[in-house]
Amino acid sequence: MLIIGGGVIGTSVAFHLAKLGWTDVVLLEQGTLGCGTTWHAAGLIGQLRANETETKLSRYGIQLYADLEKETGQGTGWKQCGGVTVARTQERMTHIKRTLSRMRAFGIEGHLVSPEEAKKHWPLLSTEGITGALWIPHDGVCLIDLGSQATSSDITSAFAAGAKSKGVKIIENVRVTGIHKSDKHAVTGVSTSEGDIKCEYVVNCGGMWAKQVGRLAGVNVPLHTCEHFYISTKPIDGVDSYLPVLRDPDGYIYFREWSGGIIMGGFEPVAKPCFADGVPNDFQFQLFDEDWDHFSILMKYSPPLLFSTEFLAHVAFPIDVSFVDSSALERCPALETAEVRQLLNGPESFTPDNQYILGEAPEVRNFFVAAGFNSSGIASAAGAGKALSEWLIQGYPTMDLWSVDIRRFGKYHANDNFQKQRSMETLGLHYQAHATPPLPQFLRFRPAAQGFGSKMGWERPNYFLPSSVSPSSIKCEEHKATRDEVALFDQTSFAKFVVKGRHVESFMQRLCANDVAVPVGRVVYTPMLNPRGGYETDCTVTRVSEDSYFVVSSTAQATRDYDWISRNIQEDEEVSIVDVSPQYSTLSLMGPKSRELLSRVIADRDLSNEEVPLGITQVRASRITYVGELGWELYVPIESTLLVYDLLHAKANEGTRIGLRDAGYYAIDGLRLEKGYRAWGSDITPDDTPLEAGLGFAVDLKNETKNFLGKDVLLRQKKEGLEKRLAVFVIDNDQEVYPHGGEPIFRDGQVCGYLTSVAYGHTVGRSVGLGYVRKLANTATKEDRLVTPDWVKAGRYEVEVASKRVPASVSLQPPFDPKNERVRM
C-alpha cells in the first residue's frame with residue numbers, strides 16, 4: 001500500500017489503515033509533511049455537514065481530535081469553543097431555522113438566540129442589522145501555527161506519529177513521477193524521484209496536486225485551485241482563547257480566535273482561480289502576494305467590485321444586494337483599530353460540486369483518491385480517512401458515501417477550463433442560503449437557458465416557463481396536466497447501457513436482485529445490491545435478445561453504474577457493457593390519455609414493450625411510469641428526437657384535440673412522491689435494503705437457485721425483522737415555510753428519523769415526503785429495536801419545518817392511487 005501526499009488527509013489515511021491492521025504502508029511526500037495547503041488551514045471544525053453520513057464522520061473527527069493526544073502523545077490543539085452564526089435577513093433566518101431542524105434530526109445540540117445573546121457569546125460583535133443567530137456549543141477549532149511557514153498542523157503531526165508507531169513508513173522529499181498498471185488496468189507500482197516501488201494499492205492524497213497525480217494514472221480528479229484569503233491580527237482586548245467561531249454568511253465571512261487576536265476570512269461569491277497550467281511541484285510552504293483589492297470584498301462592502309456586470313450575467317444564485325453593511329469592519333468594529341499581522345493568501349482546491357472526492361477510481365483498479373476538500377480538510381480529515389480505510393480493507397464502502405464518491409463525475413468534468421470556471425462559483429457557495437425552492441442551478445460554463453437545469457453534463461428542462469409566470473405556478477400546471485390528460489417529459493439524460501454476451505443471463509441474474517431471466521421484450525424493475533444488502537443502483541432492465549439486455553438508471557449514476565457492472569464481470573464470463581446514453585433520447589409520455597395519443601402515432605400495435613415504427617424511425621416503447629400514471633418511455637435514436645417530438649405534438653392536435661403539455665423535472669418530483677416512488681441517492685442508498693425501503697416486490701427471494709449479491713442479508717432481515725422502515729408523510733403546511741428535505745420526524749414527541757425527500761403534491765394539496773422511521777433507544781435486544789408496520793401506524797407524527805413542528809399523517813402506502821388503478825388503465 002502506497003499513499004501519495006503527506007498533508008492532513010494522507011496522514012489520516014495512513015493512521016486509520018494502521019489502526020485497522022494494515023501496517024505494510026508507505027507514505028511519500030514530495031516535500032515535508034503539511035507543506036501544501038494543510039499548514040495554512042484556518043482550522044474551523046463544525047459538526048453539521050450536507051447529509052447524515054458526512055455529519056457522522058465530522059462528529060467522529062471531533063471526538064478523535066479530542067482523544068488523539070492520549071493515543072499518540074501528540075496534541076491536536078482541539079478547542080471546543082462553540083460557534084455562532086448570525087443572520088441579517090429574514091431569508092437567512094429561515095435558513096438558520098432549517099439548519100437547526102437538520103441538526104436536531106442528526107442529534108446535534110443547537111439553540112436559536114437573539115442578537116443580544118449572540119453578543120454575549122461573541123463580545124466583539126456589532127448587532128446592527130442582525131435579526132437573530134444560532135449558537136452551537138460543541139463546534140470548535142484546532143490549533144494552527146502561522147508563526148513559521150515550515151510547520152504543519154498539530155493534527156497532521158499527531159496522525160503521522162500514530163501511523164509510524166504502528167509500523168507505517170513515512171518518507172519525505174520523494175516525488176512520484178509515474179504510476180504502473182497491469183494490462184488489466186490495475187495498479188502494480190509507482191516510479192519516484194528515488195526509484196520504483198511495487199505496490200498493490202495507491203491512494204492519491206495529493207491535495208492541490210491530486211489532479212496532476214491522477215493524470216499520471218489516467219484518472220480524472222476534477223478540482224481546481226483558487227486563491228483563498230484571511231487576515232490575522234495581533235492581540236485584541238476582549239479576545240480570550242475560547243472565543244467562539246463567528247460566521248456571518250450574509251457577509252461571506254467568518255472569525256476565529258488566534259494567539260489573542262482574530263483570524264477573519266471568507267468565501268467571496270466570485271473566486272480567483274490560480275495555477276491554470278498546473279501547480280508547480282516546488283510550491284511548498286509558499287503563499288501568493290497580498291491582494292487587498294480582492295479581499296476588500298470581505299473587508300469592506302463595495303457593490304461595483306462585488307457584483308460586476310460580467311458576474312451577474314452568469315450568476316447561479318440570487319444575491320440580496322439590499323443590505324449595505326456587508327463587511328467584516330461593520331460586523332467586528334474592533335478590526336478598525338486592530339494591527340494586522342498579515343493578509344494570508346494561499347492556494348486551496350475546490351471541486352465542481354463543493355463536495356470532496358473519495359473512493360476507488362473507475363478508470364484504474366486499486367487506485368484510490370482522497371482529495372478536493374474545499375477548504376474543509378481539517379474538519380473532514382478524520383472521517384474521510386476512516387471511511388476510505390474501511391473501503392480499502394473491506395473492498396467496498398461500509399457506509400453511504402455517494403455524495404463524495406469519485407464516481408459521481410463524468411468524463412466532461414476532466415476539462416480544465418470547466419474546472420476553472422466552476423471553481424469561481426463553488427467557493428462562494430459555502431455561505432449561500434436558499435429559503436424557497438426551486439433551488440438554483442450552477443450557471444458558469446453553461447448556456448443560461450431559463451427553466452433548464454444541468455446534471456452530469458446534460459442540459460434538461462426543469463420547467464417550461466413563460467417569463468411572466470412563477471416557476472411554482474407552472475410546476476402546478478404541469479403536474480395537473482399529467483394527472484388529467486398527458487404530458488411529455490424529456491428524460492434523455494438517463495444513463496443507458498447495453499450488457500451483452502454469451503454468459504449475460506447468468507451474469508445479470510447474479511447482479512440483479514429481481515428475476516431477469518425473462519422472455520425477450522420483458523421489462524423488469526430491479527435493484528443491484530452490495531454485500532450489505534444496500535442499493536448500488538435502482539434500474540429497469542429490458543431483455544432485448546437472448547444474449548443482450550438494455551439497462552436504464554438515473555442520470556447521476558452513469559459512471560458509477562458502468563463501473564459497478566463492469567467490475568463484477570468475472571474472468572471466465574463472456575460479458576461486455578457499452579454505454580449508449582448519448583445514442584438514444586428518452587421521451588416519456590405520461591398521463592391517462594397517453595395510450596390514446598400513442599395509438600394515433602403507432603397504429604395497429606398492442607403497445608407492449610417492444611421496438612415499434614414511429615414516423616420514419618424505430619423506437620423502443622417501454623410501459624414504465626415514474627409519475628403514477630399510465631405511460632411509456634420512448635427510447636428514440638438521438639438523430640430522430642425532434643421528428644418524434646414534433647409528430648407527437650402534431651397528432652395531439654389532429655381531430656379531437658388531446659391536451660399534450662411539455663413538462664419538466666420539478667413536476668416529476670411532486671408527482672412521484674404522491675405515488676410514493678423512491679429516488680436513488682436520497683430515499684434508497686447503499687445503506688438501505690429493499691425490504692427497509694418497502695420495495696420487497698422488486699426482489700426475488702423465492703428462487704433458491706438464484707444467488708445474487710446481498711441475498712443473505714435480505715433473507716436474514718426477512719426472518720429476524722427490520723430496524724427501520726420507509727414511510728410516507730403527508731404534511732400540514734403552514735403556507736409560509738415548506739419542507740425541503742432533511743427535516744426531523746417526531747413520533748409521539750421524540751425524533752425517530754428525518755425526511756429523505758419531499759415536494760408539494762398538487763393533487764393531494766399537501767407536501768408529501770418520505771423518511772425512514774426507527775426506534776430511538778439503543779435497547780438491549782434486537783427484538784426491542786424492531787420496527788413493525790403496526791408500530792409505525794400507531795404513532796402521532798409531526799415534522800419540524802424551519803424549527804416549527806407541523807402535524808403529519810403517516811402511511812406505508814402512497815396517498816395517491818395506492819391500488820395502482822391508474823397505472824393499470
Side-chain angles (χ1 to χ4, degrees), residues 46-59 82-114 117-118 130-139 247 249-250 403 429-439 669 673 682-683 724 726-760 766-774 776 795-810:
Q47 300 166 83
L48 183 65
R49 295 290 157 182
N51 54 54
E52 184 178 20
T53 296
E54 291 179 54
T55 299
K56 286 179 179 178
L57 292 176
S58 181
R59 299 186 77 186
V84 178
T85 300
V86 298
R88 301 178 186 227
T89 65
Q90 286 304 314
E91 180 188 40
R92 177 65 64 178
M93 199 63 219
T94 298
H95 180 78
I96 281 179
K97 290 177 180 179
R98 291 187 186 278
T99 299
L100 179 58
S101 293
R102 287 181 64 84
M103 290 168 58
R104 220 180 314 274
F106 298 153
I108 301 172
E109 181 183 354
H111 307 277
L112 292 176
V113 297
S114 67
E117 291 171 313
I130 297 297
T131 60
L134 175 64
W135 164 242
I136 308 175
H138 297 291
D139 280 1
R247 294 176 176 89
D250 289 319
S403 63
L429 292 182
H430 278 70
Y431 286 161
Q432 288 301 314
H434 310 297
T436 56
L439 298 180
D669 221 27
L673 281 164
S682 55
D683 311 314
K724 66 177 184 180
L726 191 69
V728 185
F729 297 88
V730 179
I731 302 156
D732 292 341
N733 302 105
D734 66 5
Q735 306 303 315
E736 293 181 4
V737 180
Y738 290 81
H740 284 180
E743 288 81 5
I745 302 165
F746 287 81
R747 182 187 186 274
D748 296 337
Q750 298 293 318
V751 175
C752 67
Y754 61 91
L755 295 180
T756 53
S757 60
V758 64
Y760 192 81
R766 296 286 191 279
S767 289
V768 183
L770 297 174
Y772 288 93
V773 292
R774 304 169 173 84
L776 274 177
R796 177 182 61 85
Y797 290 88
E798 297 170 297
V799 171
E800 184 176 301
V801 183
S803 300
K804 178 181 179 180
R805 295 190 198 177
V806 294
S809 61
V810 69

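Worth saying up front: this structure is predicted, and the values here are computed from it rather than measured.
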- Item | Point-to-point distance, once rounded to the nearest 0.5 Å, from CD of Glu91 to OG1 of Thr131 | 11.0 Å

- Message: Is the shortest side-chain heavy-atom distance between Glu800 and Val751 below 4.5 Å?
- Response: no

- Steps toward side-chain contact (heavy atoms from CB on, under 4.5 Å) verdict (Ile136, Leu48): CA-CA 10 Å; Ile136 308 175; Leu48 183 65; over 6 Å; no

- At their closest point, which heavy atom of Thr85 faces which heavy atom of Pro249, and how far apart are they? CG2-CD, 3.8 Å

- Value rounded to 0.5 Å, distance of OG1 in Thr55 from CD in Gln47: 9.0 Å

- Item | Interatomic spacing from NE2 in His740 to CG in Leu755 - rounded to 0.5 Å | 12.0 Å

- State the CD1-CD1 distance between Ile745 and Ile731, to the nearest 0.5 angstrom. 8.0 Å

- Task: Please assess Glu117 against Trp135 for the test side-chain contact (heavy atoms from CB on, under 4.5 Å), listing each intermediate value before the final yes or no.
- Result: CA-CA 9 Å; Glu117 291 171 313; Trp135 164 242; over 6 Å; no

- Note on the structure: Those residues at least two apart in sequence (or on a different chain) that pass salt bridge (charged side-chain N to carboxylate O under 4.0 Å, His left out) with Arg766 are Asp732

- Derivation and outcome, side-chain contact (heavy atoms from CB on, under 4.5 Å), residues Ser803 and Leu112: CA-CA 9 Å; Ser803 300; Leu112 292 176; 4.2 Å; yes

- Note on the structure: Closest non-hydrogen atoms of Tyr754 and Gly742, given as atom of the first, atom of the second and distance, are CB-O, 3.8 Å

- Item | Residues which pass salt bridge (charged side-chain N to carboxylate O under 4.0 Å, His left out) with Arg774, listed by chain and number, not counting sequence neighbours | none

- Message: Taking salt bridge (charged side-chain N to carboxylate O under 4.0 Å, His left out) as the cut-off, I'd like each qualifying pair that reaches into residues 48-59, sequence neighbours left out, listed once.
- Response: Glu52-Lys56

- Message: Can you tell me how far apart CZ (Arg104) and CD (Glu109) are? Round to the nearest 0.5 Å.
- Response: 10.5 Å

- Query: In Å and rounded to the nearest 0.5 Å, what is the CD to NZ distance from Gln90 to Lys97?
  - Reply: 7.0 Å

- Item | Minimum heavy-atom distance Val758-Leu673, with the two atoms named | C-CD1, 3.5 Å

- Item | Shortest non-hydrogen contact from Val84 toward Ala133 | CG1-CB, 4.2 Å

